[in-house]
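Here is the structure we will look at, set down as structure tokens.
A note on names: the letters A, B, ... follow the listed sequences, proteins ahead of strands, and every chain is numbered from 1. Here the structure is a predicted model, which is why all the values come from computation and not from measurement.
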2 protein chains.
Amino acid sequence: MRITAQEEYGLRCLIQLARQTDGQGLTLKQIGEREGISTANAGKILWLLSNAGIVKSARGIKGGYMLARPSDQITVSDIISVFENADLEEHCKSFSGIQEVCVHNADCGIRPVLQILNETVKQVLSQITLAQLVHHECEVSQRLFQLQRAAPTTAAMSA
Amino acid sequence: MRITAQEEYGLRCLIQLARQTDGQGLTLKQIGEREGISTANAGKILWLLSNAGIVKSARGIKGGYMLARPSDQITVSDIISVFENADLEEHCKSFSGIQEVCVHNADCGIRPVLQILNETVKQVLSQITLAQLVHHECEVSQRLFQLQRAAPTTAAMSA
DNA sequence: GACATTGTTGACGAAAAAGTAAAGTATTCA
DNA sequence: TGAATACTTTACTTTTTCGTCAACAATGTC
């Protein structure tokens, strides 16, 4: 259970773009230098993000990348999903909502635990926006810790 | 951001052991057959879990594996940690508690987002025990969904 | 319209993870 | 004691992922 290299760089590249408040955008070369990765690698990552509609690109001498929508409308879950293997998506596509969780799963005991945990994690990450990561990472961290402690999770689980 | 193959199989092997209510334990051959993996692979996974003190083993003709402690005292976070690369642990060892989150991080802006998210996820997973996964996976899933919806996360984050 | 700059795309090699194999060690029972 | 069973440990092979390279396409400037 870890963030892959691509996912981490994707997140960090987006944070760089989100910090551009002047609406200027950044070139692949600039992004690569700021995050310590090659221009080629930055190109690959940004291309995936572009396909997913998270960033928009412009070619030519005035080109570069910028966010496709405000950073408070981009969740970490959105970003992570871009780099997931498409094959895994089909593993259990029926898992789409709380109402349908058990409808398609008579064989609940065989159901991979994998899927349950993945959905749990994604649910948590969908509540963290890029805007929250941009300003002060530590504040976000503290808030999340408090969040988890405040939630009556243990009681709810054992009920 | 996904569970690795080893982590998934580790979880599932432990669920098999947790289902053994007669205190008998299971051999590597039995575990492998039940989870569709080779005996050799099961051996590798259970060896790691044994080193971590999550399971205990017995050699000889009456040998096998069993949980080292009750399943409600084993969290998913415990299990996942077993299969993490030890090198990553040193990446930011100062991240040990909520009080010390920002103490060691004057360079907060440079701090990898990776670490923050990993801690967040681990915090969530530390609240799920093996016992909860054993009985009915779907019930656990529903509870977690309700949990996440009930928690006033968005309000807390934007405060 | 020529040129420099920048993003786009596919192919290739390197690195890491996963799984397999085999030899070794300990325990039990006849 | 000896043989069968089962865990232990290391090394190897396969598979997957990661990163780089090179050629291509599009845009803006002079």
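- Sorted by first and then second residue, the side-chain hydrogen bond (donor to acceptor under 3.5 Å, both in side chains) pairs involving residues 35-53 of chain B (not counting sequence neighbours) are B:R12-B:E35, B:Q16-B:E35.
- Applying the salt bridge (Lys or Arg N to Asp or Glu O under 4.0 Å) test to pairs two or more places apart or on separate chains, none has a residue in residues 48-58 of chain B.
- Looking only at side-chain heavy atoms (C-beta outward), A:K122 and A:S81 come within less than 4.5 Å of each other.
- Listed by chain and residue number, nothing satisfies the salt bridge (Lys or Arg N to Asp or Glu O under 4.0 Å) test with A:R34 (two or more places apart in sequence, or in another chain).
- Applying the side chain to side chain donor-acceptor pair (under 3.5 Å) rule to B:S77 yields no partners; only residues at least two apart in sequence or on another chain are considered.
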Under-3.5 Å N/O pairs linking protein and nucleotides 20-24 of chain D:
residue: D:dT20; atom: OP2; partner: A:S38; partner atom: OG; Å: 2.5

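- The side-chain heavy atoms of B:F83 and B:L49, taken from C-beta on, include a pair separated by under 4.5 Å.
- End-to-end axis angle of the helix from C:dG1-D:dC30 to C:dA30-D:dT1, from C1' rotation axes over five pairs per end: 10° (rounded to 10 degrees).
- For A:T4, the side chain to side chain donor-acceptor pair (under 3.5 Å) criterion is met by A:E7, not counting sequence neighbours.
- Shown for residues 50-68 of chain B: residues whose heavy atoms fall under 4.0 angstrom of DNA chain C, namely B:R59, B:G60, B:I61, B:K62.
- Checking the phosphate oxygens (OP1, OP2) of C:dT9, a side-chain nitrogen or oxygen of A:W47 falls inside 4.0 Å.
- Residue pairs meeting the salt bridge (Lys or Arg N to Asp or Glu O under 4.0 Å) criterion with at least one partner in residues 57-80 of chain A, sequence neighbours excluded, are A:R69-A:D78.
- With rounding to whole Å, B:L28 atom CG is found 4 Å from D:dC7 atom P.
- For residues 20-32 of chain A, every residue pair satisfying the salt bridge (Lys or Arg N to Asp or Glu O under 4.0 Å) rule, not counting sequence neighbours, is listed here: A:K29-A:E33.
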